[in-house]
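Please read these numbers as outputs of a predicted model, since none were measured by experiment.
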Number of protein chains: 2
Amino acid sequence: MLQQRSKDTKETIRLNALRLFAKSGYSAVSMRDIANAVGIQPGAIYNHFPSKQDILVDLMMTHMVDLLAAANNAMDGVEGTRNRLVAFARFHISYQLDFPDHVFIAYMELRSLEETGRQDVYVKRDEYEAILREVLEQGVKEGTFKVANAAVQTRALLAMMTGITVWFREDGELNRDQVIDCYVQAVLQSVGIQE
Amino acid sequence: MLQQRSKDTKETIRLNALRLFAKSGYSAVSMRDIANAVGIQPGAIYNHFPSKQDILVDLMMTHMVDLLAAANNAMDGVEGTRNRLVAFARFHISYQLDFPDHVFIAYMELRSLEETGRQDVYVKRDEYEAILREVLEQGVKEGTFKVANAAVQTRALLAMMTGITVWFREDGELNRDQVIDCYVQAVLQSVGIQE
DNA sequence: GCTTATTACGAATGGGCGTTCATTTATTGA
DNA sequence: TCAATAAATGAACGCCCATTCGTAATAAGC
């Protein structure tokens with residue numbers, strides 16, 4: 001009994017590898033685990049990816065490219081530093097909640113990447129951080145924000161917002177919008193803006 | 001050629017396992033890697049720890065117990081919610097910077113723990129979170145802090161402060177105290193306090 | 001100094017790892 | 001319709017895994 005369409009299989013491999021890597025970590029997941037989840041033999045994966053490492057690189061780079069494009073899209077046309085900060089915060093948190101596995105492995109499995117892939121990911125991550133940093137720098141220049149150091153604040157805020165996936169559950173006490181509002185308020189206040 | 005003192009060997013195993021787990025992740029590190037770093041044969045580790053899993057449990061529980069004791073000690077006798085918030089923030093950040101490997105594996109390798117050990121760690125972590133949460137709740141009750149939801153804010157602030165280890169380097173542009181001040185200001189402002 | 005408990009070595013266990021490959025089967029394009 | 005291509009099987013490769021164990025060497029207690 002054989003499978004048929006290559007494109008479907010490749011995407012299924014991606015989906016399952018992502019899920020497994022996010023749950024157990026890259027090195028704890030074997031090609032046999034992935035093949036098992038997909039429903040094929042381990043060797044068949046090599047028809048679609050040259051190696052296990054290439055699956056990880058594919059997942060991380062795809063994620064970073066998508067994330068950047070979505071962020072730029074979300075910020076496009078938003079005027080005013082306060083509005084731009086809120087737009088970025090809402091976008092970032094929503095994206096974390098929509099794609100927790102992507103976000104998690106992009107953060108966690110950097111150390112599992114070999115040198116080549118890692119550099120590419122770093123470049124994209126810096127590009128992403130720069131979006132927020134520029135908003136903060138602009139706000140400081142205008143006097144809208146009160147921030148000691150924009151670069152430090154950028155990393156502090158990203159860590160804060162990214163951490164949401166660790167504990168948030170869709171069926172928890174607070175729903176998604178309520179939690180996002182909490183975070184947005186915290187972000188705004190942290191740069192010295194009172195509601 | 002044999003080693004001699006058991007107690008030293010056990011501690012050396014702990015140190016090296018911690019460092020290796022933090023760098024590469026629990027499942028990417030083999031008993032051979034650890035033995036190699038210690039300078040003994042793999043089998044000799046089993047004179048000190050019954051299994052690889054037990055090394056991880058030992059490291060994580062020791063860390064959590066130490067962290068809690070140090071936190072309670074740092075907060076002891078500090079009066080006033082604002083002061084207590086600052087004390088906690090300074091303690092937490094300093095501890096991250098002093099013991100980045102401990103902190104990192106306690107956060108990252110929860111998923112590598114089998115059920116028994118994981119529950120024990122969760123209990124300790126909740127206990128730790130409660131210290132900050134109670135400060136925030138007290139501040140809200142008094143009207144000192146402006147926070148939408150103390151539990152959410154607790155996790156947001158912990159994530160923010162814990163994230164410092166990802167990027168901070170002792171030989172970077174800002175020194176430790178300057179960075180801590182940035183974070184403390186961000187923490188204070190995030191709960192609605194202007195300097 | 002001798003006995004006993006520790007602690008190390010070093011070889012071996014069975015099993016899982018990433019990857020390769022000859023082969024078979026299904027799909028595609030002329 | 002039929003050759004060519006794509007994608008699967010299933011067995012095998014050598015290597016590394018966590019762990020075990022018989023044995024030897026060291027340290028501790030009398």
Side-chain angles (χ1 to χ4, degrees), chain A residues 1-60 105 109 111-118, chain B residues 1-60 105 109 111-118:
Chain A
M1 213 212 303
L2 295 177
Q3 304 261 127
Q4 16 202 97
R5 297 265 302 121
S6 159
K7 208 184 160 207
D8 290 356
T9 301
K10 184 162 189 175
E11 190 55 25
T12 311
I13 293 171
R14 260 195 278 262
L15 256 42
N16 282 283
L18 175 69
R19 185 174 49 81
L20 292 170
F21 288 165
K23 190 178 62 169
S24 312
Y26 175 75
S27 44
V29 175
S30 71
M31 293 297 260
R32 282 169 180 79
D33 292 334
I34 299 171
N36 225 46
V38 173
I40 55 176
Q41 295 299 313
I45 296 178
Y46 292 84
N47 289 320
H48 305 280
F49 295 94
S51 72
K52 186 185 173 188
Q53 175 76 200
D54 281 277
I55 302 178
L56 183 61
V57 172
D58 179 292
L59 290 173
M60 291 185 66
I105 71 150
E109 299 297 353
R111 66 179 175 196
S112 302
L113 279 186
E114 285 152 23
E115 202 48 31
T116 320
R118 189 158 61 227
Chain B
M1 213 209 303
L2 294 176
Q3 305 261 124
Q4 17 202 97
R5 298 265 302 118
S6 158
K7 207 187 163 201
D8 290 357
T9 301
K10 185 161 188 175
E11 190 56 24
T12 310
I13 292 171
R14 258 194 280 262
L15 255 43
N16 283 283
L18 175 69
R19 184 174 51 80
L20 292 170
F21 288 165
K23 189 177 63 169
S24 311
Y26 175 75
S27 45
V29 175
S30 70
M31 293 299 259
R32 280 171 182 75
D33 292 334
I34 299 171
N36 226 45
V38 174
I40 55 176
Q41 295 299 313
I45 296 178
Y46 292 84
N47 289 320
H48 304 279
F49 295 93
S51 72
K52 185 184 172 188
Q53 175 76 199
D54 280 277
I55 302 178
L56 183 61
V57 172
D58 179 292
L59 290 173
M60 291 184 67
I105 71 152
E109 299 298 353
R111 65 180 174 194
S112 302
L113 280 185
E114 284 152 23
E115 202 49 31
T116 320
R118 187 156 63 227

How close do [X] and [Y] get, counting heavy atoms only, and between which atoms?
X       : Y       : answer
B:Ser51 : B:Tyr46 : CA-CE2, 4.0 Å
B:Leu59 : B:Arg14 : CD2-O, 3.7 Å
A:Leu20 : A:Ala37 : CD1-CB, 4.2 Å

Distance in angstrom units between [X] [atom1] and [N] [atom2], rounded:
X       : N      : atom1 : atom2 : result
A:Ile40 : C:dG18 : CD1   : P     : 14 Å
B:Ile45 : C:dC9  : CD1   : P     : 10 Å
B:Asn36 : C:dC9  : CG    : C1'   : 15 Å
B:Asp8  : C:dT6  : CG    : C1'   : 14 Å
A:Ile55 : C:dC17 : CD1   : P     : 14 Å
A:Gln41 : C:dT24 : CD    : C1'   : 13 Å

Please list, by residue number, the residues of residues 13-22 of chain A whose heavy atoms come closer than 4.0 Å to an atom of DNA chain D; answer none if no residue qualifies.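 Within residues 13-22 of chain A, no residue comes under 4.0 Å of DNA chain D.
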Can a donor-acceptor pair be found, under 3.5 Å and without considering hydrogens, that links the side chain of [X] to the backbone of [Y]?
X        : Y       : value
B:Arg111 : A:Ala22 : yes
A:Asp33  : A:Val29 : no
A:Tyr26  : A:Gln53 : yes
B:Asn16  : B:Thr12 : yes

Indicate whether OP1 or OP2 belonging to D:dA6 is found under 4.0 Å from a side-chain N or O atom of A:His48.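 For A:His48, the contact criterion (side-chain N or O under 4.0 Å from OP1 or OP2 of D:dA6) is not met.
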Does the Lys NZ or Arg CZ of B:Lys52 fall within the cation-pi geometry relative to B:Phe21 - under 6.0 Å from the ring centre and within 45° of the axis?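 The answer is no, since B:Lys52 fails at least one limit relative to B:Phe21.
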Distances under 3.5 Å between protein N/O atoms and the N/O atoms of nucleotides 18-21 of chain D, please, pair by pair.
{"unit_1": "D:dA18", "atom_1": "OP1", "unit_2": "B:Val29", "atom_2": "O", "d": "3.4"}
{"unit_1": "D:dA18", "atom_1": "OP1", "unit_2": "B:Met31", "atom_2": "N", "d": "3.2"}
{"unit_1": "D:dA18", "atom_1": "OP1", "unit_2": "B:Lys52", "atom_2": "NZ", "d": "3.2"}
{"unit_1": "D:dA18", "atom_1": "OP2", "unit_2": "B:Met31", "atom_2": "N", "d": "2.7"}
{"unit_1": "D:dA18", "atom_1": "N7", "unit_2": "B:Arg32", "atom_2": "NH1", "d": "3.0"}
{"unit_1": "D:dA18", "atom_1": "N6", "unit_2": "B:Arg32", "atom_2": "NH2", "d": "3.2"}
{"unit_1": "D:dT19", "atom_1": "OP2", "unit_2": "B:Tyr46", "atom_2": "OH", "d": "2.7"}
{"unit_1": "D:dT19", "atom_1": "OP2", "unit_2": "B:Lys52", "atom_2": "N", "d": "2.9"}
{"unit_1": "D:dT19", "atom_1": "O5'", "unit_2": "B:Tyr46", "atom_2": "OH", "d": "3.1"}

Is a donor-acceptor pair below 3.5 Å formed from side chain B:Asn47 to base C:dA8, judging by atom type as modelled?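 For B:Asn47, whose side chain was compared with the base of C:dA8, there is a donor-acceptor pair (under 3.5 Å).
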Less than 4.5 Å apart, any side-chain heavy atom of B:Ile55 and any of B:Ile45?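 Result yes, sub-4.5 Å side-chain heavy-atom pair found.
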